[in-house]
Structures are given as C-alpha cells and as structure tokens.
Amino acid sequence: MAKNWMVSEDGSKERLNIKENLRFMLKNWFEWDKKSLWLLAYSTPSKIALPALTALIPKLMLDAIAQDWLPAKLIVLIAAMSVLLALLSWIEPNLNEKLRVSGQLARMKYRIMSLRKIMRIDYETLESPEGSQKLAKAKDFSFGGRWSPGEDFFAAVKDFISSAFGLITFAALLTRLSPILLAIIAVGCGLEIWGFHLGNQNMFKYHRNARPNYARIEYINRVCTDAETGKDVRLYNLQPWFMDFMHSVVMSHRKLVGKLIRQDLGTKVTLGAFAGMLREGAAYFFLVQAVLSESITVPDFLFYFGIVTGFSAWLISLTWQWSNIQRCCKACQHFRDYMDLPDNAQAGNLSVGDSIDEIEFRDVSFTYKGSIDPVLKDVSFTIRKGEKLAIVGENGAGKTTLIKLLCGFYPPTKGQILLNGIDIREYDRENYYKIFGAVFQDFTFLPVSVSRNVTIAPQEDEDAQRLEAALRNAGLWDKLNALPDGLESPMVKDVWEGAVNFSGGERQRLLLARALYKNAPVLILDEPTAALDPIAENRLYEKYSRFTQGKTSFFISHRIASTRFCERIFYMADGKIAEEGNHEQLLANQGAYYKMFETQSYYYRKELGTEDIGEEELAV
Ligand code: ADP
C-alpha cells in the first residue's frame with residue numbers, strides 16, 4: 001500500500017505515497033487531539049454490534065415464541081432488546097459528533113499552517129503560476145467546502161477500521177454456514193464496487209467537461225454583481241447578451257447532465273441491480289437449502305439473512321472508506337507539496353547594520369520564470385546614503401521589476417545586488433525587509449482603525465507625533481481629523497459596516513503615510529501619485545524633499561515631470577538604463593527622456609487647463 005498512482009484533474013498521473021501521507025495525518029491527529037483516538041476503540045465494537053443485534057433480534061423472538069415463553073418473559077426480552085438497540089444507536093452518532101469536532105480542529109490547524117506559509121513563502125514562488133497552482137490545489141485540503149479531506153480523514157479512518165473488523169466478524173459467521181455463499185456474495189459486492197468505480201469515473205469526466213461552464217457561470221456572477229460593471233450593463237444594454245450567454249451555458253450543462261445520467265444508468269445502476277440479484281438469489285438458495293436439510297432452523301434463516309446483508313454492507317463500506325482515505329492522502333500530498341515550497345530560501349542570516357551606506361546593482365539581469373526575454377539586462381548602478389533617485393520610463397520598461405529585485409522579492413538571474421558591499425542574499429530576510437518603507441500601486445488595508453493601518457502597531461505603541469507628521473506630509477491630517485471618529489475610524493467596508501470610504505487618491509496617501517511612519521532608511525515610492533489629481537500631485541512633490549530628508553529614496557514613475565526634483569534620474573527602456581543624469585542634463589541630451597517630457601508636458605498642461613503656464617511652474 002506504500003505507493004499508488006494518483007490521477008490528476010488534468011488526466012496526468014503522479015506518484016502518491018500513501019504511507020507517508022497517512023503518517024503525516026496520523027501524527028498530527030495524535031499531536032493535536034490524542035484523546036479522540038480513543039473514540040476509535042469505543043466506536044468499533046458498538047458499530048459492529050448494531051447490525052449484528054438487528055439480525056439477531058428476529059431469531060431470538062422466533063426462538064422464544066417456539067419455546068412457548070410466558071408473555072411476561074417475552075416482554076422483558078423485547079424491552080431489553082429495544083433498550084440495547086437504542087443505546088447502540090445513540091452511541092454511534094454521539095461518537096461521530098465528537099470525532100467531527102476533532103476533525104474540525106484539525107482543519108483549522110491546517111488552515112493556520114497554510115496561512116502562515118502563504119505569508120512566508122518566497123515572493124517569487126507566490127507570484128509564479130506554479131506557486132498559485134500549488135496553492136489552489138493545497139487549499140482543498142483544509143479550505144474545501146463540504147468536503148475537506150483534512151477534516152474528513154478522521155471519519156474515514158474510523159469507518160475503515162470498524163468496517164474491517166465488521167467484515168472479519170461477519171465473514172467468520174458466514175463461513176460457518178457456507179464458504180461458497182461467502183464467495184458468491186463477495187463477487188456480488190465486487191460487481192457493485194466496480195459499478196461505483198465506473199460511476200466515479202463518469203462523474204470525474206463530467207466535472208472535467210463541466211469546468212468551462214463553472215468558470216463561465218462564475219464569470220457571469222462576478223461581473224453582474226459588480227457595481228462597476230453594473231454601470232456598463234445598464235448604459236450599454238448588456239442584459240440581453242448576458243442572458244443569452246447564461247442560456248447557452250445552461251443548455252450546454254443540461255447536455256452534460258443528460259450524458260452523465262445515461263452513463264450511470266448503463267453502468268452503475270445496472271451493475272448494482274445485477275449484484276443485488278446475485279447476492280440475494282444466492283443467499284435465498286443456500287439458506288432455504290440449509291433449512292430443508294435441517295442444518296439450520298427457520299429463526300437461524302432470519303439471522304443469517306441479516307448477516308449476509310451486513311457482510312455486503314461492510315465490504316462495500318470498506319472499499320468506499322479506503323477510496324476516501326486515498327482521496328485524503330491525495331489532497332494531503334498537495335498540501336504537503338505546498339508546505340514544502342521554499343520560504344526565505346535564498347536568505348542568509350546576516351543582520352543589516354544601522355546605516356545603509358550604499359546599494360549597488362552589479363550587472364543585474366532578470367528573466368521571469370516561464371518567460372524567455374529578460375526584463376532587466378545588465379543593469380549596474382550605485383546609490384549612496386541620502387540620495388534621491390528617480391526611475392522613469394514607459395510602461396513595461398522594467399521599473400517595478402527593478403524595485404522588486406531591490407526588495408529581495410526575486411533573486412537576480414545574473415549579477416548581484418549589494419547592500420553595504422554584501423550580497424543581499426546574505427542577509428536575514430525579515431531583517432532586510434525592515435530597511436524599506438514602500439508605497440506600491442496595489443492597496444492592502446486591514447479592517448482596523450485608520451491610525452493602526454498607518455502605524456501597524458497597537459494603540460499603546462503608537463508614536464503620536466510621528467503619526468501626525470506622517471499624516472501631515474501625506475496631506476491627510478485635516479481630512480482624518482474631520483471624521484466623526486477621527487483617526488479611530490474603522491477601515492474596510494466588507495468587515496465593518498460603518499467603515500470610512502476613502503477615494504483612490506486618499507488611499508494612496510494613506511499608504512504614503514504608512515511608509516513615512518515606518519521611518520525606514522530607504523523609501524520606495526512606486527507611482528505614488530497615479531491616483532492623485534495633478535494639483536494634489538504637485539503638492540506632494542513640494543513636500544517630497546522634506547519627507548525624504550536623510551533617506552535614500554527611489555521614486556518610480558512614468559510621468560517625467562514628477563521626477564525632476566530628484567538629484568539623479570534614470571530613464572529606463574527595454575530593461576536597461578538608457579539615459580542617466582539630472583533633469584537639465586537629460587533635457588540637454590535631447591534623447592528619449594527629452595521626447596517623452598515634451599509629449600507629456602503638452603498633455604499635462606491641457607489636463608491642468610494651463611497651456612500658458614511655464615515649465616518651471618509646472619515642475620514643483
Ligand atoms: P514597469 O514598472 O516599467 O511598467 P514592470 O517591471 O512592471 O514594468 O514589467 C516589465 C515587464 O515584465 C513587462 O513586460 C511585464 O509584462 C513583465 N512582467 C511583470 N511582472 C511579471 C510577472 N510576474 N511574470 C512575468 N512577467 C512579468
């Protein structure tokens with residue numbers, strides 16, 4: 001049972017090590033909830049006793065009648081049997097519930113494990129298609145909806161064990177009667193199990209074929225419930241298109257369901273009926289013969305018939321639970337594959353010193369995994385403490401990628417990035433992250449107060465002065481203080497009903513305030529003004545040299561006018577630093593920077609409605 005083939009959803013086969021996955025899940029079960037393992041010991045006897053007693057009661061009753069028991073004695077027998085039946089029927093669901101709680105506990109633990117992993121995993125892996133594919137697969141283990149293998153493993157093991165013991169007990173009873181009958185019933189069960197297997201394969205194919213439909217329905221739901229799309233849906237009268245699209249998806253789905261039903265009727269249902277006929281026919285044949293030859297009594301007939309039914313149920317349950325355990329192992333394998341992905345793999349354990357004297361890119365090239373063309377090509381530069389560097393260039397030039405490499409999210413494909421002369425891979429990753437205060441284009445806010453979103457610290461650790469300075473520099477102080485709950489106003493509407501609604505520009509300013517509050521030695525602003533209007537943008541530039549004082553700063557933008565206050569400007573094109581200098585030098589070069597500046601300042605003036613404003617006024 002050590003190794004098995006695991007067929008993936010796309011039809012490919014991979015090795016599945018059942019033993020290792022079983023060991024992993026059992027070990028965790030033992031560690032997290034030892035006590036619940038005892039439930040297995042209680043559950044098995046009661047689960048076997050219930051069908052055995054159900055088979056035995058008619059025999060006992062008929063024997064008692066045949067022996068002319070007194071009514072009082074009969075009543076005592078009936079009462080005793082009923083109490084015993086009730087007790088056994090009560091124990092089983094009770095233990096099941098207890099085990100379900102243990103299963104849920106394990107599911108939560110697995111969720112916590114995967115959540116921790118998601119936040120620690122190498123950024124490169126997180127962003128890669130391979131990483132997100134592995135995460136999607138791993139999620140089923142603990143996040144699955146109705147069926148979560150991390151939880152259901154407990155019940156599957158319990159039922160597998162009781163089915164195995166039940167099967168042995170009932171087989172022993174039947175062997176006493178007729179080993180041939182036992183063999184015929186086993187063959188009948190085998191046919192039924194084969195029917196289930198074919199049914200599962202049909203279901204598997206059905207889900208695979210239905211996946212595009214699920215994706216389309218998901219798309220329709222997502223798009224139609226989105227308020228943003230709602231505007232277009234109304235103004236451009238998109239309802240007929242969406243309704244036709246939905247109709248075509250439903251029709252295609254109906255065909256698939258019809259096919260599944262026809263296939264099931266031809267395989268699973270037919271085999272199941274045939275297996276039932278074989279089992280019961282053989283049972284009647286052998287039992288009637290045994291009664292006629294007087295090797296068993298009529299009450300024994302009833303008892304053995306119950307045992308035949310019970311034996312079939314145990315055998316089918318055993319196979320079913322084994323396939324459940326295999327499914328759990330398969331999901332567990334995906335979970336473990338994800339957990340084994342590298343986190344902070346390239347990081348060393350050096351501590352970054354107090355002063356960031358110099359950052360150097362030395363012949364750095366970088367190609368994204370799965371891509372052919374490099375995004376950065378032999379980029380070399382050095383930036384010293386307190387310098388302000390602007391990186392400009394058209395979209396796709398590689399500016400953000402350069403910053404991602406600087407932050408240590410990706411290792412260079414070629415070359416080195418050095419901090420104070422040491423390759424950044426030598427530094428402890430968490431320690432290294434501390435040197436950056438960054439504003440990226442994507443927003444992430446926590447469902448906590450505005451102030452906590454800026455400081456990330458609990459209220460008692462907040463530095464009120466630093467917070468005020470950060471908010472003032474980001475241009476948010478007055479706005480926030482005018483709110484009814486001021487800085488304590490909650491954020492994130494999905495979680496708090498009364499959360500504050502910030503515009504895109506305000507959210508961008510909040511992120512800036514967060515970066516400023518962190519007071520890290522290196523400040524990175526990646527398109528920090530993209531959501532601001534030109535006037536607000538201009539005000540921010542005015543403050544730029546104040547809030548970057550003493551810090552090494554990187555300012556990334558595709559708007560050239562926004563970078564002229566930086567001492568050094570890189571104009572990036574096609575993954576290279578195509579031009580370098582200060583604003584005046586770059587203009588004097590009359591190269592690509594100059595051309596871009598000319599084009600942009602024309603449109604910029606139009607946007608501001610200030611075609612007559614001079615270059616100097618526009619700049620800062
Ligand atoms: P910029 O910031 O200058 O607009 P980027 O650094 O974001 O440019 O992107 C440079 C190139 O790298 C683009 O062609 C972009 O499509 C590609 N790219 C960006 N991120 C990824 C990624 N995660 N995987 C593959 N290619 C990427």
Side-chain angles (χ1 to χ4, degrees), residues 118-119 121-136 338 341-343 345-346 359 361 363-381 383 388-415 417 424 436-444 504 508 511-512 515 522-532 537 553-564 566 568-580 586 591-597 599-600 603-604:
I118 289 168
M119 288 189 283
I121 199 168
D122 275 1
Y123 186 81
E124 182 178 22
T125 318
L126 178 73
E127 217 189 26
S128 69
E130 185 209 357
S132 42
Q133 220 174 43
K134 284 200 167 165
L135 171 63
Y338 186 72
L341 285 173
D343 44 30
Q346 288 89 21
I359 296 172
F361 271 56
D363 294 326
V364 171
S365 297
F366 180 74
T367 309
Y368 280 103
K369 268 193 189 148
S371 305
I372 301 164
D373 297 326
V375 174
L376 295 180
K377 299 168 191 162
D378 293 318
V379 174
S380 292
F381 68 90
I383 176 166
K388 294 175 203 349
L389 176 67
I391 307 174
V392 294
E394 287 177 2
N395 282 334
K399 306 181 292 293
T400 301
T401 305
L402 186 144
I403 293 301
K404 284 186 192 165
L405 261 71
L406 169 69
C407 291
F409 294 150
Y410 292 95
T413 317
K414 196 182 123 242
I417 302 169
I424 61 169
F436 298 105
V439 178
F440 292 114
Q441 291 167 51
D442 325 299
F443 311 130
T444 22
Q508 206 157 28
L511 291 174
L512 176 65
V522 182
L523 189 65
I524 296 173
L525 304 178
D526 186 355
E527 304 276 5
T529 59
L532 300 186
E537 187 182 20
S553 69
F554 291 82
F555 193 102
I556 295 101
S557 182
H558 64 279
R559 291 192 198 171
I560 284 191
S562 66
T563 54
R564 50 190 298 180
C566 286
R568 272 172 87 190
I569 302 168
F570 290 168
Y571 178 84
M572 283 195 70
D574 193 25
K576 290 186 186 145
I577 302 173
E579 293 172 31
E580 183 183 346
L586 287 170
Y593 179 91
Y594 168 81
K595 281 194 197 116
M596 200 170 171
F597 180 77
T599 319
Q600 285 188 356
Y603 288 108
Y604 212 59

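Heads up: numbering here begins at 1 and tracks the sequence. Note that ligands are numbered from 1 as they come in the structure, with each ligand's atoms numbered from 1 the same way.
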### Task
Flag G396 as yes when one of its N or O atoms lies below 3.5 Å from any N or O atom of ligand 1, and as no otherwise.
yes
### Shortest protein contact, atom 18 (N) of ligand 1 (heavy atom only)
Y368 CE1, 3.3 Å
### Task
I would like to know whether F440 and I403 meet side chain to side chain contact (heavy atoms under 4.5 Å, CB included); could you show each step before the answer?
CA-CA 10 Å; F440 292 114; I403 293 301; 3.8 Å; yes
### Query
Is there a protein heavy atom at a distance of less than 4.0 Å from atom 23 (N) of ligand 1?
yes
#### Entry: K576 atom NZ, neighbour heavy-atom count above 12 within 6.0 Å
no
#### Entry: Under the ring pair (Phe, Tyr, Trp, His ring centres under 6.0 Å) test, residues paired with F381 that sit two or more places apart
F361, F570
### Query
Under 4.0 Å between a Lys/Arg side-chain N and an Asp/Glu carboxylate O for K414 and D378?
yes
### Task
Output yes when a protein non-hydrogen atom is found under 4.0 Å of atom 15 (C) of ligand 1, and no otherwise.
no
### S371-ligand 1 polar pair, N/O distance under 3.5 Å
no
### Query
In ligand 1, which numbered atoms sit nearer than 4.0 Å to a non-hydrogen atom of G398?
1 (P), 3 (O), 6 (O), 8 (O), 10 (C)
### Query
With sequence neighbours excluded, what pairs up with S132 under the side chain to side chain contact (heavy atoms under 4.5 Å, CB included) test?
none
### Task
Kindly compute the distance separating CD1 (I524) from CG (L406), expressed to the nearest 0.5 Å.
5.0 Å
### Query
What's the verdict on side chain to side chain contact (heavy atoms under 4.5 Å, CB included) for V379 and F366, showing C-alpha distance, side-chain angles and the deciding distance?
CA-CA 9 Å; V379 174; F366 180 74; over 6 Å; no
### Task
Please name the pair of heavy atoms, one in I424 and one in G408, separated by the smallest distance, quoted to 0.1 Å.
CD1-CA, 4.1 Å
### Task
Give the numbers and elements of all ligand 1 atoms closer than 4.0 Å to a heavy atom of N395.
4 (O)
### Query
Is the closest heavy atom of K369 to ligand 1 under 4.0 Å?
no
### Query
Quick one: nearest non-hydrogen protein atom to atom 2 (O) of ligand 1, plus distance?
T400 OG1, 2.7 Å
### Task
Quick one: look at M572 and ligand 1, take heavy-atom pairs under 4.0 Å, and tell me if it's side chain, backbone, both or neither.
neither
### Task
Name the closest protein heavy atom to atom 11 (C) of ligand 1, giving the residue it belongs to and the distance to 0.1 Å.
V375 CG1, 3.7 Å
### Message
Please determine whether side chain to side chain contact (heavy atoms under 4.5 Å, CB included) holds for the pair L376 and M572, giving the CA-CA distance in whole Å, both sets of side-chain angles, and the decisive distance to 0.1 Å.
### Response
CA-CA 10 Å; L376 295 180; M572 283 195 70; 3.7 Å; yes
### Query
Taking only heavy atoms of T401, which atoms of ligand 1 are found under 4.0 Å from at least one of them?
5 (P), 6 (O), 9 (O), 10 (C)
### E394 neighbourhood, listing ligand 1 atoms whose heavy-atom distance to it stays under 4.0 Å
3 (O)
